[in-house]
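Notes follow the structure.
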Amino acid sequence: MKFLILNGPNLNFLGIREPDIYGRQTYDDLVAQVRDKARELGVEVTFYQSNHEGDLVDAIQRAYTDRTDGIVFNPAAYTHTSVAIADAVKAVGIPTVEVHISDVSRREDFRQVSYVRAAAVHTITGQGLAGYGQALEYLVDYLGGRT
Ligand code: DQA
């Protein structure tokens with residue numbers, strides 16, 4: 001099984017941006033952690049991060065062409081604004097888990113809306129970087145990859 005680990009704007013700045021909220025680990029640390037989890041689960045992972053809405057839509061469409069089995073997706077700020085990204089997730093029909101590092105439910109009002117949520121099979125918030133590994137495990141179980 002192969003999975004896309006997709007990250008939206010400013011997540012390349014993990015470790016630099018608001019460390020009190022997002023922690024001190026970097027994007028490279030995140031990649032290393034998810035690779036370890038993928039190895040443990042025996043699945044293939046590819047990573048993509050972009051600060052641009054249309055690039056994220058393109059990456060989701062590419063996942064369809066590449067026959068990707070599932071997407072672990074932190075749309076970051078586009079979670080709260082982007083109909084185009086939510087439509088892309090619905091369009092490809094690939095099981096997608098929405099991930100947020102912080103607990104968005106306890107933050108500002110504008111973060112209480114998620115357009116992606118309705119298109120996702122599951123949402124994980126507030127688990128730090130561990131949420132990505134949890135999302136991968138969820139997808140492997142969801143797709144019947146573990147017995
Ligand atoms: C985030 C939460 C979003 O509200 C924010 O815009 C982000 C990161 C998170 O991982 O907690 O950039 O998705």
Side-chain angles (χ1 to χ4, degrees), residues 1-41 43-140 142:
M1 284 197 282
K2 62 177 183 181
F3 296 92
L4 171 65
I5 316 299
L6 185 59
N7 280 289
N10 300 305
L11 291 166
N12 55 321
F13 258 47
L14 280 177
I16 299 167
R17 72 180 295 209
E18 303 177 90
D20 46 319
I21 297 174
Y22 300 110
R24 296 204 176 271
Q25 289 185 293
T26 65
Y27 180 75
D28 286 348
D29 294 333
L30 168 65
V31 169
Q33 275 184 31
V34 177
R35 276 200 202 289
D36 283 350
K37 178 58 75 177
R39 206 168 298 124
E40 194 184 294
L41 294 167
V43 299
E44 195 185 309
V45 278
T46 57
F47 295 83
Y48 186 74
Q49 187 278 329
S50 176
N51 295 326
H52 305 280
E53 187 174 16
D55 282 351
L56 293 165
V57 171
D58 288 344
I60 293 163
Q61 292 188 0
R62 244 180 350 257
Y64 178 82
T65 320
D66 295 347
R67 296 172 181 275
T68 299
D69 296 295
I71 303 175
V72 173
F73 189 18
N74 185 346
Y78 288 134
T79 306
H80 319 299
T81 64
S82 179
V83 175
I85 284 174
D87 279 352
V89 174
K90 285 186 193 154
V92 297
I94 299 172
T96 297
V97 174
E98 174 191 13
V99 174
H100 300 288
I101 296 166
S102 65
D103 184 356
V104 282
S105 72
R106 312 181 105 214
R107 297 183 64 192
E108 301 94 325
D109 285 352
F110 66 84
R111 294 185 208 275
Q112 303 314 311
V113 172
S114 168
Y115 288 100
V116 171
R117 197 147 308 175
V121 296
H122 187 54
T123 297
I124 294 173
T125 62
Q127 301 298 308
L129 299 192
Y132 289 82
Q134 292 168 13
L136 197 55
E137 278 178 351
Y138 183 95
L139 281 171
V140 171
Y142 181 87

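The chain is numbered in sequence order, starting from 1. Because only heavy atoms are used, hydrogens play no part in the values below, and waters and symmetry mates are left out as well, while side chains stay in.
- Note on residues 59-94: no pairs pass ring-ring contact (aromatic ring centres under 6.0 Å, His included), not counting sequence neighbours.
- Screening residues 104-127 for ring-ring contact (aromatic ring centres under 6.0 Å, His included), with sequence neighbours left out, gives H122-Y138.
- T68 meets the side-chain hydrogen bond (donor to acceptor under 3.5 Å, both in side chains) test with no other residue; sequence neighbours excluded.
- In this structure D28 satisfies the side-chain hydrogen bond (donor to acceptor under 3.5 Å, both in side chains) test with no other residue, sequence neighbours excluded.
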Enumerate, atom names and distances included, each donor-acceptor pair closer than 3.5 Å involving a side-chain atom of residues 1-18, sequence neighbours excluded.
unit_1	atom_1	unit_2	atom_2	d
K2	NZ	D66	O	2.7
N7	OD1	Y132	OH	2.6
N12	OD1	Q49	NE2	3.4

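- Looking at residues two or more places apart in sequence or on another chain, you find a side chain to side chain contact (heavy atoms under 4.5 Å, CB included) between A130 and Q134.
- In this structure R62 satisfies the salt bridge (Lys or Arg N to Asp or Glu O under 4.0 Å) test with no other residue, sequence neighbours excluded.
- In this structure, H52 has no ring-ring contact (aromatic ring centres under 6.0 Å, His included) partners at least two apart in sequence or on a different chain.
- For the pair E137 and E40, the minimum side-chain heavy-atom distance is below 4.5 Å.
- Here D29 pairs with Q25, T26 under the side chain to side chain contact (heavy atoms under 4.5 Å, CB included) rule; sequence neighbours left out.
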Enumerate, atom names and distances included, each donor-acceptor pair closer than 3.5 Å involving a side-chain atom of residues 88-103, sequence neighbours excluded.
unit_1	atom_1	unit_2	atom_2	d
T96	OG1	I94	O	2.8
E98	OE1	R117	NE	2.9
E98	OE1	T123	OG1	2.7
E98	OE2	H100	NE2	2.7
E98	OE2	S114	OG	2.8
E98	OE2	R117	NH2	3.3
S102	OG	R107	NH1	2.9
D103	OD1	S105	N	3.2
D103	OD1	S105	OG	2.6

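- Residues satisfying the side-chain hydrogen bond (donor to acceptor under 3.5 Å, both in side chains) test with S82, not counting sequence neighbours, are E53.
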